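Note that the coordinates shown come from a computational prediction; the quantities given were computed from them, not determined experimentally. Here is how names work: the chains are called A, B, and so on, in the same order as the sequence lines, proteins then strands, and each is numbered from 1.
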Protein chains: 2
Amino acid sequence: MTVPGLRERKKQKTKAAIQRAALRLFKRQGYEETTVEQIAAAADISESTFFNYFPSKEDVVIYDEYDPQIFAALATGKHDEPLAKSIEKLIGALGGLFEADHDAIYERAKLSLEVPELRAHAWEELEKARDLFRSIIAARTGHPASALAVRVISTAFVGAAFEASLEWVRSGGKGNMIDLLKKAIDAIGFYGMLDRLGSKASSR
Amino acid sequence: MTVPGLRERKKQKTKAAIQRAALRLFKRQGYEETTVEQIAAAADISESTFFNYFPSKEDVVIYDEYDPQIFAALATGKHDEPLAKSIEKLIGALGGLFEADHDAIYERAKLSLEVPELRAHAWEELEKARDLFRSIIAARTGHPASALAVRVISTAFVGAAFEASLEWVRSGGKGNMIDLLKKAIDAIGFYGMLDRLGSKASSR
DNA sequence: CTAGATTTTTACAGTCGCTCTATTTATAGT
DNA sequence: ACTATAAATAGAGCGACTGTAAAAATCTAG
C-alpha cells in the first residue's frame with residue numbers, strides 16, 4: 001500500500017472529471033440521448049480515452065471512487081462481536097457516506113434505478129455486495145459460503161437495500177436512507193434469519 | 001379472448017422457430033459469439049424480420065411462450081384461502097411447468113444466469129414477477145402495494161427464487177427446483193414475514 | 001378469381017457503443 | 001538530455017439496433 005504517485009492522482013482526477021461531465025450531460029439531456037462522443041467532447045478528451053477510463057458508458061454512472069475503500073473496510077471487520085452488531089454498525093457507517101456526498105450519490109442512484117438499461121446493471125453491482133456479504137456471514141457462522149441458506153439470506157439483504165434505495169430515490173433523496181434500510185431489513189426479519197442460521201451468529 | 005386466427009398461429013410458429021434456431025447456435029458456439037445475422041440465416045429469415053419478432057438479441061433467450069398464461073393464472077388466484085396456502089399451491093404448479101419442458105427451460109436458465117449481459121436482464125424479468133407478487137400480497141393483506149414492507153417482502157421472495165434457480169443450474173438441472181425453492185423461502189422465513197404483515201394474511 | 005387493401009418480409013442506409021491496432025505525445029527515472 | 005514506459009489519439013471495423021421505403025405474401029370484396 002504505497003502512496004499513490006503524481007501520475008496515479010492525475011488519472012483519478014481525469015476519471016472524476018469525465019464522470020462529472022457525463023453526469024452533467026445525463027441530467028440535462030438524458031442518458032440515452034447522450035452519446036459517448038459528446039461526453040468525450042465535454043471532458044475534452046478523445047473517445048478512445050473515454051474507453052481507457054471506463055469500459056462502457058454504463059460504468060461512468062456506476063463507478064464510485066470510494067467503493068474500493070468501502071469494500072475493503074467491510075471485508076476486514078472485527079470478529080469479536082455478534083454478527084448482527086457488526087451489520088448494524090455497517091449500516092450506520094453507510095449513513096455517513098451518504099451524507100458526505102449526497103447530491104452526486106443521489107444523481108447516480110436516480111439514473112441507476114430509472115434508466116432501464118442501467119437498472120439491470122445496478123443489480124449486477126448489488127451482486128458484488130451480496131458476495132462480500134456472503135463471505136462475511138459464512139466466515140462468522142461457520143457455514144460454507146456456498147450453502148443455500150447463506151446465499152439466500154445475503155440476497156435478501158441486498159434486495160432489501162435495493163428496495164430501500166428505490167424508496168429513497170422516489171422521495172427525491174429527501175428521506176433518510178438509513179431509516180429506510182432499517183425498516184426494510186426489519187420487514188423481512190433479517191436478524192431472525194441470522195439467528196436461525198446458527199448460534200454462532202447471534203451469540204459470542 | 002377469441003381464438004387466435006390462422007395468421008396469429010403462424011406468427012407464433014415462426015417466433016418459436018427463431019428461438020429454437022438461436023438457442024441451438026448459442027449452445028454450440030456461445031451467446032456472444034453468435035451474431036443476429038447467423039440466427040437469421042439459421043432460421044431462414046432476414047435480419048430485419050428477426051427484429052420484428054424480438055426487440056433485441058437478449059429477448060430471444062428471455063422469451064417464454066407460456067409466460068402470459070402463467071401470469072394470468074397467478075393474477076386470478078382465489079381469495080378464499082390463506083395467502084400462504086395460495087403461494088404453496090403456486091409453487092407446486094410451477095413444478096409442473098418445469099417438468100413439462102425441462103430441457104428448453106434449463107438451457108434458457110443456464111444462459112440467463114451465466115452470460116453476464118443476460119443475467120442483468122434476468123433480474124429485470126424477475127422484477128415483473130415481483131410486481132405481480134406485490135399486487136397479490138397487497139390485495140390479500142389490505143396493505144397498499146406501495147408499502148415498503150410489501151415491496152421488500154416481494155423482493156425477498158423473488159430473490160429466493162433467483163438463488164434457487166442459480167442452485168438448480170449449478171446442479172446441471174438435475175436437482176429438484178421445487179425443493180430448492182422451498183428450502184430457499186424457508187431460510188428467509190418467508191411465511192413468518194407474511195404473518196408479521198398482518199392477520200389477514202395468515203388467517204381467514 | 002381477381003383487384004385492391006393490408007400485413008409481413010426484406011433491403012439498405014445510418015447511428016452508436018465498443019474493440020483493436022498503430023502512431024503520437026507526455027512523463028519518470030537515469 | 002535520453003530512454004523506457006505509459007497515456008492519448010486517430011482511424012478502421014464489427015455488431016446490435018433503428019428507420020424508411022420497396023417488394024412479397026396474404027386477406028377481403030366484388
Participant: Could you check whether any side-chain N or O of B/H121 sits under 3.5 Å from a backbone N or O of A/A120, counting only pairs where one atom can act as donor and the other as acceptor?
Facilitator: no
Participant: Quick one: what's the B/S/- string for nucleotides 14-30 of chain C, heavy-atom cutoff under 4.0 Å, read 5' to 3'?
Facilitator: ---SBB-------SS--
Participant: Indicate yes or no for a side-chain donor-acceptor contact from A/N176 to the backbone of A/D179 under 3.5 Å, with no hydrogens or angles considered.
Facilitator: yes
Participant: On the nucleotide D/dA7, are OP1 or OP2 found under 4.0 Å from the side-chain N or O atoms that A/Y53 carries?
Facilitator: no
Participant: Test of understanding: with salt bridge (Lys or Arg N to Asp or Glu O under 4.0 Å), list the residues that count as partners of B/R170, not counting sequence neighbours.
Facilitator: B/E167
Participant: Nearest-Å distance, CD1 (A/I45) to C1' (D/dT9)?
Facilitator: 11 Å
Participant: Rounding to an integer number of Å, can you tell me how far A/E8 CD sits from D/dT5 P?
Facilitator: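 Value for this atom pair: 18 Å.
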Participant: On the six-membered ring of B/F51, is B/K57 placed so that its NZ or CZ lies under 6.0 angstrom from the centre and within 45° of the ring axis?
Facilitator: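 No, B/K57 does not sit over the ring of B/F51.
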Participant: B/E107 side chain to B/K27 main-chain N or O, any donor-acceptor pair under 3.5 Å?
Facilitator: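 No, because the side chain of B/E107 does not come within donor-acceptor range (under 3.5 Å) of the backbone of B/K27.
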Participant: Got a list of side-chain donor-acceptor pairs under 3.5 Å for residues 150-162 of chain B, not counting sequence neighbours?
Facilitator:
from   : atom 1 : to     : atom 2 : distance (Å)
B/R151 : NH1    : B/S146 : O      : 3.3
B/S154 : OG     : B/V150 : O      : 2.7
B/T155 : OG1    : A/E163 : OE2    : 2.6
B/T155 : OG1    : B/R151 : O      : 3.0

Participant: Rounding to an integer number of Å, can you tell me how far B/D59 CG sits from D/dA16 P?
Facilitator: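 These atoms are roughly 14 Å apart.
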Participant: Using distance only, find each side-chain donor-acceptor pair of residues 94-105 of chain A under 3.5 Å and give its atom names and separation, not counting sequence neighbours.
Facilitator:
from   : atom 1 : to     : atom 2 : distance (Å)
A/H102 : NE2    : A/G173 : O      : 2.9

Participant: How would DNA chain D look in dot-bracket form, 5' to 3', counting Watson-Crick and G-U wobble pairs with both distances under 3.5 Å and writing | for bases paired to another strand?
Facilitator: ||||||||||||||||||||||||||||||
Participant: In a table with atom names and distances, give each donor-acceptor pair under 3.5 Å that connects a side chain of residues 32-46 of chain A to protein atoms at least two apart or in another chain.
Facilitator:
from  : atom 1 : to    : atom 2 : distance (Å)
A/T34 : OG1    : A/Q29 : NE2    : 3.2
A/T34 : OG1    : A/G30 : O      : 2.6
A/T35 : OG1    : A/E37 : N      : 3.3
A/Q38 : OE1    : A/Q29 : NE2    : 2.8
A/Q38 : OE1    : A/T35 : N      : 3.0
A/S46 : OG     : A/S48 : N      : 3.4
A/S46 : OG     : A/T49 : N      : 3.2
A/S46 : OG     : A/T49 : OG1    : 3.1

Participant: May I have the distance from B/N52 (atom CG) to D/dT18 (atom P), rounded to whole angstrom?
Facilitator: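 Result: 11 Å.
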Participant: If you compare every side-chain N and O of B/S46 against the phosphate oxygens of C/dT10 (OP1, OP2), does one of them come in below 4.0 Å?
Facilitator: yes
Participant: Under 4.0 Å between any heavy atoms, over every strand shown, what does A/F54 touch: base, sugar-phosphate, or nothing? Just pick one.
Facilitator: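 No contact.
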